[in-house]
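So you know, we letter chains A, B, ... as the sequences are listed, proteins then strands, and number each from 1. Excluded from the calculations below are hydrogen atoms, water molecules and symmetry mates; all remaining heavy atoms, backbone and side chain alike, are included.
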Amino acid sequence: MEKSLKGFFETFLKKDSLFSERAVLQSQYTPEEIIHRENEVKQLANILAPCLRVEKPSNVFIYGKTGTGKTLTAKYVSNQMMELAKTNNLPVKIIYINCKLSKVADTEYRLVAQLARELGKEIPPTGLPTEEVYKIFNHAITTQKMQFILVLDEIDQLVKKAGDEIIYNLTRMNAELKNSQVTLVGISNDLMFTDTMDPRVKSSLSEEEIVFPPYNALQLQDILKKRASFAFKQGVLSDGVIGKCAAYAAREHGDARRALELLRVAGEIAERANNKTINIEHIDEAEEKIEKDRIIDIVKTQPKQQQATLYAILYFKKREAIFTGEIYDVYKQICEKVGLRPLTQRRVSDIIGELDMLGIITAKVISKGRFGRTREISLPIPETLIPKIVSALEQSMGL
DNA sequence: CGAGATTCATGTGAAGTATACCTTTAGGCTTAA
DNA sequence: AAGCCTAAAGGTATACTTCACATGAATCTCGTA
């Protein structure tokens, strides 16, 4: 056993990789230059530039669908500015926060706490009055005498969950600050979400707006080609692979992140299968794997109650439409089996809503007329994945 | 036959509760001078 | 006397419960043709 494992590692080392620089395809990677987004980069830079002269820039609201380069552009521009600020010793600080990473910034308290932590303050996970955390944050900002730019990614998630007062409070901070100023950059991929906001908040957040249109198939190809040339060794990509990736992604409203991921995973699959080149079939496989990993990951990291609820839903997998009441009955049985204290239907109803938000299930409120009113739940997940999710759930709940 | 009332099963909002965690404060004990 | 530790008091955020009311179309009711 030991020997064969050693052998495995040895051949693994000897086997030459298809990749020359895998990181280039990973989503956190920020390339040296951004193609097909020159305009947006310029716009954002123009808007934010005043802070280099220690004047307050306008707040900016950026929106566009997923994978249209919003985050990338924001990061790119902020990196450049930070660098410039550093070399010229300018008092500028940019803080980037992704509001979607739950547990990091999905309530007012958590967001402000996270902001304060970015400034090196220790904030407990609970216990302090939110007001107090604001004070700490305020203090941290005032003492540093700087231009602060807060980049709030996926801001729609935050507002949906915690209301728009947060943004109002943040924009209002400037009135009280003497030395420093705060500029907000909100990033959202939900175009409609500003409609639900208080008009005052809306207008203060979007003093400037930048819209990111989706990439078209050609632009996607350019991007993929560019990255692929860094990421892979020469000649490992078969003809048509890039085209297919781009086509896939273009179909999904021009999502470049997805296209890149597709390419990377396809590469990994090919490599693992000891293939010398990446073929079109690998792309199909990659597509499946990505979807699977994404869902399994979400499912596994859910709290127990959410898992139990989901398990109850999956119990009905064959049926098209499932109703809340049925789910709750099954859910209670599951709780008993696993030794979990069952929650009330009220709460389970909310949990179903949360699962819907996560995109694992689709829940729609319908009225069945004489037979009451309920949520109609269905699974947008491919059939083949369900057994895998079920076993992942069973494992993590100890069934 | 059709308009309006009824009804069902659950959605949904508000308010209350339990839990986990925080800071502050006041003793009580230890320690060093 | 000063310093440090601990426990109690007083406070908050979050997840959840309880209570009460809101919904909205299928079905029922009843007046009318």
Let me know the distance between NZ of A/Lys135 and C1' of C/dG11, rounded to the nearest Å.
13 Å
So which heavy atom on A/Ile141 is nearest to which on A/Ser180, and how close?
O-OG, 2.9 Å
Pairs under 3.5 angstrom, nitrogen or oxygen only, protein versus nucleotides 19-24 of chain B, please.
| from | atom 1 | to | atom 2 | distance (Å) |
| --- | --- | --- | --- | --- |
| B/dC22 | O4' | A/Thr126 | O | 3.4 |

Under 4.0 Å from OP1 or OP2 of C/dA26: is there any side-chain N or O of A/Ser367 that close?
no
Quick one: list whatever passes side chain to side chain contact (heavy atoms under 4.5 Å, CB included) with A/Ala217, sequence neighbours left out.
A/Ala250
Between P of B/dG11 and CG of A/Asp350, the distance in whole Å:
9 Å
Is there a side-chain contact between A/Thr130 and the phosphate of C/dA13, meaning an N or O under 4.0 Å from OP1 or OP2?
yes
Tracing side-chain contacts under 4.5 Å among Ile, Leu, Val, Met, Phe, Trp and Tyr outward from A/Ile210 reaches A/Ile34, A/Val41, A/Leu44, A/Ile47, A/Leu48, A/Leu52, A/Val60, A/Ile62, A/Leu72, A/Tyr76, A/Val77, A/Met81, A/Met82, A/Leu84, A/Leu90, A/Val92, A/Ile94, A/Tyr96, A/Ile149, A/Val151, A/Val185, A/Ile187, A/Phe212
Members sharing A/Val54's hydrophobic cluster (side chains within less than 4.5 Å):
none
Nearest-nucleotide pick for A/Leu343, side chain only, options being C/dC16, B/dG11, C/dC19
C/dC16
Nearest to side-chain heavy atoms of A/Arg341, which nucleotide of B/dT10, C/dT14, C/dT17:
C/dT17
Starting from P on B/dT10, measure out to CD1 on A/Ile351 and report it in whole angstrom.
17 Å
For the CG atom of A/Leu150 and the CG atom of A/Leu111, what is their distance to the nearest 0.5 Å?
8.0 Å
On a heavy-atom basis, the closest approach of A/Gly359 and A/Pro380 is O-CG, 4.1 Å
Tell me the interatomic distance from A/Lys368, atom NZ, to B/dC8, atom C1', rounded to whole angstroms.
9 Å
Divergence of helical axes at both termini of the helix from B/dC1-C/dG31 to B/dT31-C/dA1 - five pairs an end, 10° steps:
20°
Figure out the NZ/C1' separation between A/Lys304 and C/dC16, and round it to whole Å.
18 Å
May I ask you to say whether A/Glu291 pairs ionically with A/Arg294, meaning some side-chain N is under 4.0 Å from a carboxylate O?
yes
Which atoms form the tightest heavy-atom contact between A/Ala392 and A/Lys300, and what is the distance?
CB-CE, 4.3 Å
Pair listing, side-chain hydrogen bond (donor to acceptor under 3.5 Å, both in side chains) test, anchored in residues 330-344 of chain A, at least two apart:
A/Gln305-A/Tyr331
Check the distance between C/dC28's P and A/Arg370's CZ and give it to me in whole angstrom.
6 Å
N or O in side chain of A/Ser349 less than 4.0 angstrom from B/dG11 OP1/OP2:
yes
Of all pairs that satisfy salt bridge (Lys or Arg N to Asp or Glu O under 4.0 Å), the ones with a partner from residues 47-61 of chain A, not counting sequence neighbours
A/Arg53-A/Glu55
Interatomic spacing from OG1 in A/Thr309 to CD1 in A/Ile377 - rounded to 0.5 Å:
10.0 Å
Does OP1 or OP2 of B/dT10 have a side-chain N or O of A/Arg375 closer than 4.0 Å?
no
Any side-chain heavy-atom pair of A/Phe137 and A/Lys121 under 4.5 Å:
no
For residues 37-48 of chain A, which residue pairs pass the side-chain hydrogen bond (donor to acceptor under 3.5 Å, both in side chains) check, not counting sequence neighbours?
none
Would you mind reading off the distance between A/Phe323 atom CZ and C/dG24 atom P, rounded to a whole angstrom?
17 Å
Of the residues in residues 324-340 of chain A, which ones touch DNA chain B at a heavy-atom distance under 4.0 Å?
A/Thr324, A/Gly325
For residues 355-366 of chain A, which residues have at least one heavy atom under 4.0 Å from DNA chain B?
A/Val365
Less than 3.5 Å between a donor and an acceptor, one on the side chain of A/Arg347 and one on the base of C/dT17, is that the case here?
no
Could you check how far CD of A/Glu108 sits from P of C/dT12, rounded to whole Å?
14 Å
Can you pull out every salt bridge (Lys or Arg N to Asp or Glu O under 4.0 Å) where at least one residue sits in residues 280-289 of chain A? Sequence neighbours excluded, please.
A/Lys244-A/Asp284, A/Arg258-A/Glu287, A/Lys289-A/Asp293
In short, side-chain hydrogen bond (donor to acceptor under 3.5 Å, both in side chains) pairs touching residues 353-369 of chain A with sequence neighbours left out are A/Gln306-A/Glu354, A/Arg347-A/Glu354
